[in-house]
S.K.: 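Please see the structure below; I have some questions.
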Amino acid sequence: MKLITAYIQPHRLTSVKEELFKAEVFRMSVTNALGCGRQKGYTESYRGVVTEVNLLKKTRIDIGVNDEFVDKTVDAIIRGARTGEIGDGKIFITPLEECIRIRSGERGAEAIG
Amino acid sequence: MKLITAYIQPHRLTSVKEELFKAEVFRMSVTNALGCGRQKGYTESYRGVVTEVNLLKKTRIDIGVNDEFVDKTVDAIIRGARTGEIGDGKIFITPLEECIRIRSGERGAEAIG
Amino acid sequence: MKLITAYIQPHRLTSVKEELFKAEVFRMSVTNALGCGRQKGYTESYRGVVTEVNLLKKTRIDIGVNDEFVDKTVDAIIRGARTGEIGDGKIFITPLEECIRIRSGERGAEAIG
Amino acid sequence: MNKRAFALFMVVGLVFGGGAAFAQFSAEVALDQTTVELFRDSLDIIWLALGAALVLFMQAGFAMVETGLTRAKNAGNIIMKNLMDAAAGLIMYFCIGWGIMYGASIGGFFGSDGFFLAYPGVDAMHEVYIDWMFQAVFAATAATIVSGAMAERTQFRGYLVYSIVITALIYPVVGHWTWGGGWLDQLGFTDFAGSTIVHSTGGWAALAGAIVLGARKGKYVKSNGRTTVKALPGHNIPLAALGVFVLWFGWFGFNGGSTLSGVDSDIAVVFVTTALAAAGGAVGAMTLSWVLFGKPDVSMSLNGVLAGLVGITAGPDVIAPGWSIVVGIIAGLLVVLSVEVLDKKFHVDDPVGAISVHGVCGAWGTLAVGIFGGGALFVQVVGVVAVFAWTMITAFILFGILKAVRMLRVTEQEELQGLDISEHGMESYGGFQIFSNM
Amino acid sequence: MNKRAFALFMVVGLVFGGGAAFAQFSAEVALDQTTVELFRDSLDIIWLALGAALVLFMQAGFAMVETGLTRAKNAGNIIMKNLMDAAAGLIMYFCIGWGIMYGASIGGFFGSDGFFLAYPGVDAMHEVYIDWMFQAVFAATAATIVSGAMAERTQFRGYLVYSIVITALIYPVVGHWTWGGGWLDQLGFTDFAGSTIVHSTGGWAALAGAIVLGARKGKYVKSNGRTTVKALPGHNIPLAALGVFVLWFGWFGFNGGSTLSGVDSDIAVVFVTTALAAAGGAVGAMTLSWVLFGKPDVSMSLNGVLAGLVGITAGPDVIAPGWSIVVGIIAGLLVVLSVEVLDKKFHVDDPVGAISVHGVCGAWGTLAVGIFGGGALFVQVVGVVAVFAWTMITAFILFGILKAVRMLRVTEQEELQGLDISEHGMESYGGFQIFSNM
Amino acid sequence: MNKRAFALFMVVGLVFGGGAAFAQFSAEVALDQTTVELFRDSLDIIWLALGAALVLFMQAGFAMVETGLTRAKNAGNIIMKNLMDAAAGLIMYFCIGWGIMYGASIGGFFGSDGFFLAYPGVDAMHEVYIDWMFQAVFAATAATIVSGAMAERTQFRGYLVYSIVITALIYPVVGHWTWGGGWLDQLGFTDFAGSTIVHSTGGWAALAGAIVLGARKGKYVKSNGRTTVKALPGHNIPLAALGVFVLWFGWFGFNGGSTLSGVDSDIAVVFVTTALAAAGGAVGAMTLSWVLFGKPDVSMSLNGVLAGLVGITAGPDVIAPGWSIVVGIIAGLLVVLSVEVLDKKFHVDDPVGAISVHGVCGAWGTLAVGIFGGGALFVQVVGVVAVFAWTMITAFILFGILKAVRMLRVTEQEELQGLDISEHGMESYGGFQIFSNM
Ligand SMILES: Nc1ncnc2c1ncn2[C@@H]1O[C@H](COP(=O)(O)OP(=O)(O)O)[C@@H](O)[C@H]1O
Ligand SMILES: Nc1ncnc2c1ncn2[C@@H]1O[C@H](COP(=O)(O)OP(=O)(O)O)[C@@H](O)[C@H]1O
Ligand SMILES: Nc1ncnc2c1ncn2[C@@H]1O[C@H](COP(=O)(O)OP(=O)(O)O)[C@@H](O)[C@H]1O
């Protein structure tokens, strides 16, 4: 099992979700994050004082999947999130040793779906 | 060492924390998240326009533990979070290679507690 | 590749960012979290009812790095975050199997930077 | 021709005739008894009209206080309840309430005509209208007090029924006994702007409601046979503070307008005592909360302002400014003590302190007239007790019926989710990330 | 010597002479025709001044309603637009608008003098001043209606141009036709406080603006040839509710002040009908939203209050209180239906419902005078149509030009980012974590 | 019998006697000198009472502006400070301030009787009461200005001491010199509603406070010998905007009421200039911020409104409407420049711009009377300087003592945590997730 973590542009969340649904990935967790990457920030000015904002709003998606789903899921995220512009984001894949469904106590492959 | 990540119903946080304390797990980090799982969402309607809300509010708990604590911790979370209803959530376990206490520079098993 | 996750005091974020920049780590993701650790909480009182607040505000930083960057990054975080007081926080390191840049589809070491 | 056209004529006048006085201002006025009455009437109408507008604006104050001191997930619901208190309340008071309050008395207990403001044969309806206007916003005030104490767990449709009953019946009957010339008035009961008549009525109805309804889930947690009292903090203190300032502002209309005439030099003292009692209330509540809890509590100090205002409302015309500070301070102390006792001893869950502010301090204010303002203390006690009894009994019956027909409380699941989603299908702070673990 | 020094003298008087009356109050007043006129003038000035202050305060109401019903990322921008409607609006109405509205008429179509309030040779300028004051805040009201309908996607500088044109030209011409004594007034068109003149003018300009501008990104999503209507929920319902209460409060100045005299017993009925129509509007909109959507909708009920207020504005003096409830309820139903039709059928994106509240209910109110208030229905129809035509044509031209010179709409990127950042380089809720995935 | 019972009698009257006039309205009024004085007094009382209510409501405006422009973690604290300015301020002004301001003068420097409003032997106390009422809310205004400039780092108990001293001493002495008939008044100094007397006094006390207190942590960051100025953005711009609108509304009471009589045709021009100067201020500040920073700044434009209002306050009765726009625009420019200079050059940390708005623009307004309103410019300068000197000296001493006894500034740890938690043990936005990394 793998844990797929993606940082995407907030406004691509809807289309990423659509692509994931098409790829039959229905489980996920979403948090909002601030990201610092290639994308340059912008300046804000408050009462005449200029501030560099280089932590930009990003949305983070975490998905635990069985190994055979990894590629499908990654592709779906890319399809939904890619605009070709800097700031599109990153996907990280980490090993997932165990997954437990709290309700039933099921573990592993069955629990993840 | 393992990193235990649990997504639970927000209103179970208090009882999960109590169970963790009983199991002598005192360290954790909590974030809020939106989750999409088996639990069906609900519809909101704003000014007559109906919207499917299928990202539901969840609370995420991250706990780094030594290997011998894994089961205790998982059990405590389950005890605190289980209601038997869909939406109770999931627990993910990932390998944790290193843990460092910033204050002292301690590493590994001593740092985690 | 490794994924470095640090929980720090919120008001140290700026100096951590500065140290990371000096160490030429320019990519990161930041979320806010509530933490429970060695640091004792404080009591709030609302309308005469006293409440123990033991989930304290923390800032979480996630950084995906190539193996050779791990030490540099950890050191930079410690330099930026350490005050020597309880509550300074923790750093966790987990294995990172893959990293994908959404925009270009690049993978692995090139994608991470 | 519309009166606004005067400017046109003025200019024409200037061009052709040079400096003609303006139509609007120069209309000839005969200098006789009629003129004098016209001015007197105009001053009365203006004063009552502005007073009514200020009192209606207090609805905004109540809405903000109650929203601010409850949780974000119920914000839209509490607002709907406040809105409907005002809307349904005004309509019900028009149809029924006014008639019961000021109609021809049946034995000093309730009125019996004037429903729908139907006064066949009366010409000078403006006098009825302006008086109705001022009275109607008071009825809506009595109604809206209750929503705070019953917040975060009451069904919307049940609350609607309550709104209708209090403005059509419970409050008007109290009003008839007193301002309507009924039995309490004949005993010599005095309550200038309604410490008892408006505020205690609302406060005691709130008490009955909070008891029948029970506490919010998670407020009193039993474990090992011991009950722990938990804080369920409000989500928006600045909004609550704004509400308190709006109420303070509106209260000048509430007390000031209660001279019922714009030609009344008592207006001066009423304003002074109203301002000073509110100040005293804030200082009193802040100080006591500081002593009791170790830190000056913000929401208690805000409650203190309201406590002071409720406290002075029965006698702002007869209590001297210096004493009004004392009345306010005592009200401020009382509100803190009362919140403590209700919460920690009796486990009556009143999220915003409405019972303490309006019920308890309303009673205090009514007695204060006897103590500082020269009223007959015994009669004041009779009035306080009578209104308490009537309101508690009728409100218990009302909420009891609502409970029996399952229209009172939302389900536990709905309460957890928040009433905004369960009752109205929406969120009040779209996009904001809010911890919902309570 | 400053008048405030009286107290000093009083005390001196007390010490030396004992109980002398105060300077401020005891000035001798001759008891003659002059005195009578002085009092009448004073009552008029006070009434209009307070009315003007209340109407200006409505700007706060509009700002809060519009902010609350749109997204957090545009909150500062909508506030700037409201602020500039008031600021630029007052200045433009001073320089140009008033002259066009009330200047010497050119054929009943527009006025031609009095610009900059220049009335050479006039002494009693206070009469001009107070009337200008009351009229100016109406102009600013007409202007500010539009910002809500065009929210979240309009360039700030383009909006500034619009603000100037409506307060200098579009509204004053409508005003001249009617309150300025122009052709509609001569036909016998009646609109007491401006259902059509102020509100419909604003509402139709909003319609034109929303059409030319197009919908917000993500509001109407086309997929497979079908258009899905999405909700883009407002971010702060308590603020929107506060805005509605502020508007209700201010409306007493709007309608009440429109007697244009403080010596007018119609003030009484105007207050009553204004209050009851608002209540009716809330009840009507809540009920219909409950029936249509299954749950009572909060923001629709809030719109209902405004709908009722707009609906009664044309005839608060001639519609009986009982009927005013009916006028309000119908307005409340209309606003819900109109929002539904505009949104789901015509896909006109009006984030706050300004077109429905002010345009549609403004027209309804104007007709209601004909139906319930004894006005000539046909003339009312002529007025409604004429104002619709004039406003739509001029507003289409205005927004068309702005669009052509690329001053109307922000870029898609800017819209996504939010206008606070793109137009003003700031965030309105610094520190708050807000989901920005819309 | 309570006056409200009239309705009952009316109806009885109708039934038995047919169409009897209402008690409230028909009381016989003798047509003589007494009646005339009664009306005049009533108009004065009504006008001052409403003015006082509006000025008190400005406290809500200040609270919202200051809360909105500071950080979420200090919101409850700033509200407590505002609340206590009003509450403690009113009480202190009752006990001491009024006597010092309007008591029998000791050499033109301070008054010496009338403490606790004790005027033995005076019958017509309503005249004292209403005047006290109007003056007291001015004292509370002067006090509340300071809280914004000292926000986010001042101890609550230290601030309480300050509140008491300014309303009991610092402000009343300035008031005695001028409105109290003291030496500045005798020189011919003119300041209609208090540009200098109220606003500069508050503004300069704010300046002294901000200097003694030092900047907020993180505001001016020294690195490599260079100081970088950082922005610490406010957390709630919509609330700040609401506050500004509330202040604009309340200012009509502030300036309008300062005619001190309801029978004064100057009310008209005062309203017009007050409205136009505010509009000018907004336009001026917006434009300059656009030029200087590349984008129109929201919080600066909001400050601009207040700058314009403070600017016109010294001469709203004598500056012509056209010139009032100019006065406002200049104030709007000044506020932006002053904020820039204080912040970037002198590193005086004033989170909300109170020093610039009230101190600087107050001085400007006082001079503007000399320039546009026909006052003696030299005397105006003397007044500005004298008030500056008195306030700076006394405030420096006061804050210096507070600093010496460690009652002025919270610890660094408390500041980081936020004053809501450290001073009041609570959070203002329970449940909201807020980035606290500043
Ligand atoms: N090495 C990294 N570690 C953690 N987060 C990262 C890393 N690289 C990128 N991110 C996240 O991904 C987001 C997008 O990265 P960015 O470099 O702007 O995109 P792109 O690859 O399209 O240029 C960043 O804002 C950050 O949140
Ligand atoms: N595969 C997954 N990857 C990431 N998060 C998941 C996954 N499965 C479940 N979750 C998280 O757990 C929450 C609860 O899951 P759900 O399926 O509703 O619970 P249950 O297993 O009790 O039916 C989800 O809302 C989501 O946040
Ligand atoms: N074992 C753990 N698992 C998850 N988070 C932890 C763990 N230990 C510490 N943390 C996070 O780190 C923060 C700081 O920990 P704390 O023990 O207070 O610091 P210190 O090590 O300096 O005493 C905590 O608030 C929590 O967010």
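This one's a predicted model, so the numbers in the text were calculated from it and none came from an experiment. Proteins get letters first, then strands, A, B, ... in listed order; numbering begins at 1 in each.
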S.K.: If you tally heavy-atom pairs under 4.5 Å against chain F, which of Ala87(E), Gly61(E), Ala88(E), Ser428(E) wins?
M.R.: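 Option with the top pair count is Ser428(E).
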
S.K.: What distance separates Leu302(F) CG from Met286(F) CE, expressed to the nearest 0.5 Å?
M.R.: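 Interatomic distance, Leu302(F) CG to Met286(F) CE, rounded to 0.5 Å: 12.0 Å.
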
S.K.: Quick one: of Leu83(E), Leu117(E), Val246(E), who has the most non-hydrogen atom pairs under 4.5 Å with chain F?
M.R.: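 Sorted descending by pairs with chain F, the first entry is Leu83(E).
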
S.K.: Counting only heavy atoms closer than 4.5 Å, note whether Leu160(E) contacts chain F via side chain, backbone, both or neither.
M.R.: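 Answer is side chain: those atoms of Leu160(E) sit under 4.5 Å from chain F.
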
S.K.: For Trp251(F), is it the side chain, the backbone, both or neither that has a heavy atom under 4.5 Å from a heavy atom of chain E?
M.R.: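 Neither part.
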
S.K.: So for Tyr429(E), is it side chain, backbone, both, or neither that comes closer than 4.5 Å to the heavy atoms of chain F?
M.R.: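 Contact with chain F involves both backbone and side-chain atoms of Tyr429(E).
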
S.K.: Which word best sums up how the rings of Phe57(F) and Phe249(F) line up, parallel for under 30°, tilted for 30 to 60°, or perpendicular for over 60°?
M.R.: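 The rings of Phe57(F) and Phe249(F) stand perpendicular, inter-plane angle above 60°.
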
S.K.: Using heavy-atom distances under 4.5 Å, tell me whether Ala53(E) contacts chain F through its side chain, its backbone, both, or neither.
M.R.: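 Contact with chain F involves both backbone and side-chain atoms of Ala53(E).
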
S.K.: Nearest 0.5 Å, what's the CG-CZ distance between Leu260(F) and Phe134(F)?
M.R.: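 Answer for the CG-CZ pair, Leu260(F) versus Phe134(F), is 6.0 Å.
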
S.K.: Please state whether the side chain, the backbone, both or neither of Phe432(F) comes within less than 4.5 Å of a heavy atom of chain E.
M.R.: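 Contact with chain E involves the side chain of Phe432(F) alone.
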
S.K.: Please determine if Lys295(F) and Glu423(E) form a salt bridge, counting it only when a charged side-chain N lies under 4.0 Å from a carboxylate O.
M.R.: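 Glu423(E) and Lys295(F): not salt-bridged.
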
S.K.: In terms of heavy-atom proximity below 4.5 Å to chain E, should Val305(F) be classed as side chain, backbone, both, or neither?
M.R.: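 The side chain, not the backbone.
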
S.K.: Examine whether an atom of Asp123(F) lies under 4.5 Å from a heavy atom of chain E, and if so say whether it belongs to the side chain, the backbone or both; otherwise answer neither.
M.R.: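 For Asp123(F), neither part sits under 4.5 Å from chain E.
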
S.K.: Please identify, among Asn236(F), Leu50(F), Val298(F), the residue contributing the most non-hydrogen atom pairs under 4.5 Å to chain E.
M.R.: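 Most heavy-atom pairs within the cutoff with chain E belong to Val298(F).
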
S.K.: Distance from Ile130(F) atom CD1 to Trp47(F) atom CH2, nearest 0.5 Å?
M.R.: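 If I round to the nearest 0.5 Å, the distance is 13.0 Å.
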
S.K.: Measure Ile46(F) against the heavy atoms of chain E and call it side chain, backbone, both or neither at under 4.5 Å.
M.R.: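 When you check distances to chain E, no heavy atom of Ile46(F) falls under 4.5 Å.
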
S.K.: State the NE2-CG distance between His126(F) and Asp41(F), to the nearest 0.5 angstrom.
M.R.: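 Between atom NE2 of His126(F) and atom CG of Asp41(F) there are 5.0 Å.
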
S.K.: Enter the distance from Gln59(E):CD to Met64(E):CE here, rounded to the nearest 0.5 Å.
M.R.: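 Rounded to the nearest 0.5 Å, the CD-CE separation comes out at 11.0 Å.
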
S.K.: May I ask you to name which of Leu90(E), Ile78(E), Leu43(E) has the most heavy-atom pairs under 4.5 Å with chain F?
M.R.: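 Highest number of heavy-atom pairs under 4.5 Å: Leu90(E).
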
S.K.: Can you tell which of Thr67(E), Val137(E), Ile91(E) has the highest number of heavy-atom pairs within less than 4.5 Å of chain F?
M.R.: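 Of Thr67(E), Val137(E), Ile91(E), Ile91(E) has the most heavy-atom pairs under 4.5 Å with chain F.
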
S.K.: Quick check on Leu242(F) against chain E: is it the side chain, the backbone, both or neither that has a heavy atom closer than 4.5 Å?
M.R.: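 Both parts, backbone and side chain.
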
S.K.: Go through the steps for Phe254(F) and Phe138(F) under the test ring-ring contact (aromatic ring centres under 6.0 Å, His included), then give the verdict.
M.R.: CA-CA 8 Å; Phe254(F) 200 93; Phe138(F) 276 62; 4.1 Å; yes

S.K.: Considering only heavy atoms, which portion of Ile79(E) lies under 4.5 Å from any heavy atom of chain F: side chain, backbone, both, or neither?
M.R.: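 The side chain, not the backbone.
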
S.K.: Who wins among Pro321(F), Ala241(F), Gly328(F), Ala278(F) for the most heavy-atom pairs under 4.5 Å with chain E?
M.R.: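 Ranked by contacts with chain E, first place is Pro321(F).
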
S.K.: With rounding to the nearest 0.5 Å, note down the distance linking CG in Asn77(E) to CD in Glu414(E).
M.R.: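 Answer for the CG-CD pair, Asn77(E) versus Glu414(E), is 10.5 Å.
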
S.K.: Give the minimum heavy-atom separation between Trp132(E) and Leu276(F), together with the two atoms involved.
M.R.: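 Distance-wise, the nearest heavy atoms are CH2-CD2, 3.7 Å.
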
